[in-house]
K.L.:
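Dumping the structure here so I can ask a few things about it.
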Amino acid sequence: GAVVSQHPSRVICKSGTSVKIECRSLDFQATTMFWYRQFPKKSLMLMATSNEGSKATYEQGVEKDKFLINHASLTLSTLTVTSAHPEDSSFYICSARERRMGLAGVHEQYFGPGTRLTVT
Amino acid sequence: GQNIDQPTEMTATEGAIVQINCTYQTSGFNGLFWYQQHAGEAPTFLSYNVLDGLEEKGRFSSFLSRSKGYSYLLLKELQMKDSASYLCAVSRIKAAGNKLTFGGGTRVLVKP
């Protein structure tokens, strides 16, 4: 159980275009989803927290107009990178938190497989 | 703010033991996670500690001392497939959204 999928797994786009990345919880309802960005050989940096039915909360330094997040249902959140530039090239990972506590007795996060974005 | 520190890289031999340390400073501590991440893949959950002490799970064990802001992940009987990055992540209280803040990760290289 607790599977999170992301689509696409890889995407190459031209500078100035927009790219949408989907994150789905396949076998559970996720009240909260998180979007992370990871540069090569670096750790995950939280970009934003997405709650179903409400506006996303962005971390300091993350442009909300550039990284649009929509969490329309309990199983789907999308991240749209608008007017992409080469510096937006990165590995984007989402995670989802179950509506109820996991076996660890805490709100575990389950990670998707990531999306490799390359902007040319 | 929060500070989470762990070594950048460690090398060990197959069959040996490696201990990865993580120190943190945070307010509203609500648990510490360890994740394993292979290159180009998503992190996978290894362990969770919220109370002081040692949690053992097969070849992997994790320890927490809240008063010292310190945790370690112990990997025993190392296998080649254990070569990966190991991420320490701190969870903060519900008011902070139970968000996870990750350390920089420790790349472990297992040699034959």
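Quick note: numbers below take in every heavy atom, side chains included, and nothing from hydrogens, waters or symmetry partners. Reminder, nothing fancy here: chain letters follow the sequence lines and each chain counts from 1.
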K.L.:
Which atoms of A/Leu44 come close to chain B, meaning under 4.5 Å heavy atom to heavy atom: side chain ones, backbone ones, both, or neither?
P.N.:
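Both backbone and side chain.
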K.L.:
Cluster question for you: counting only ILVMFWY and a side-chain heavy-atom cut-off of under 4.5 Å, with indirect links fine, are B/Val108 and B/Phe60 together?
P.N.:
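Looking at the clustering, B/Phe60 is in the same group as B/Val108.
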K.L.:
Check A/Phe91 against B/Gly40 and note the closest heavy-atom contact, atom names and distance.
P.N.:
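Looking at all heavy atoms of both residues, the shortest contact is CZ-O, 3.5 Å.
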K.L.:
What do you reckon, are the aromatic ring centroids of A/Phe111 and B/Phe45 less than 6.0 Å apart?
P.N.:
no
K.L.:
May I ask you to check whether over 12 heavy atoms, not counting those of A/Lys20, lie within 6.0 Å of atom NZ?
P.N.:
no
K.L.:
Which atoms of B/Gln37 come close to chain A, meaning under 4.5 Å heavy atom to heavy atom: side chain ones, backbone ones, both, or neither?
P.N.:
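Only the side chain of B/Gln37 comes within 4.5 Å of chain A.
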K.L.:
When clusters are formed by joining ILVMFWY residues with side-chain heavy atoms under 4.5 Å apart, either directly or through shared neighbours, do B/Ile20 and B/Tyr24 land in the same one?
P.N.:
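Yes; tracing contacts between hydrophobic side chains, which count when under 4.5 Å, links both residues.
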K.L.:
Quick one, B/Leu100 and A/Ser95 - any side-chain contact, counting heavy atoms below 4.5 Å?
P.N.:
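Counting from C-beta outward, B/Leu100 and A/Ser95 never come under 4.5 Å.
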K.L.:
Show, in sequence, the C-alpha distance, side-chain angles and deciding distance for B/Tyr35 and A/Gln109, and conclude whether the side-chain contact (heavy atoms from CB on, under 4.5 Å) test is met.
P.N.:
CA-CA 11 Å; B/Tyr35 286 88; A/Gln109 289 185 30; 4.2 Å; yes
K.L.:
What part of A/Gln38 is in contact with chain B, defined as an atom under 4.5 angstrom from a non-hydrogen atom: side chain, backbone, both or neither?
P.N.:
side chain
K.L.:
Can you name the nearest heavy-atom pair linking A/Phe34 to B/Lys99, along with the distance?
P.N.:
CE2-CG, 4.0 Å
K.L.:
Against chain B, label A/Glu59 side chain, backbone, both or neither, depending on which of its atoms sit under 4.5 Å from a heavy atom there.
P.N.:
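Answer is side chain: those atoms of A/Glu59 sit under 4.5 Å from chain B.
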K.L.:
Same hydrophobic cluster for B/Leu73 and B/Met10, using side-chain heavy-atom links shorter than 4.5 Å among ILVMFWY?
P.N.:
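Yes.
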K.L.:
Assigning hydrophobic clusters by single linkage (Ile, Leu, Val, Met, Phe, Trp, Tyr; side-chain heavy-atom cutoff under 4.5 Å), is A/Ile69 placed with A/Met47?
P.N.:
yes
K.L.:
Is there a path of hydrophobic side-chain contacts, each under 4.5 Å between heavy atoms of I, L, V, M, F, W or Y residues, that connects B/Trp34 with B/Leu78?
P.N.:
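Hydrophobic grouping puts B/Trp34 with B/Leu78.
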K.L.:
Tell me if the NZ atom of B/Lys57 is crowded by more than 12 foreign heavy atoms within 6.0 Å.
P.N.:
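Buried by this count: over 12 neighbours within 6.0 Å.
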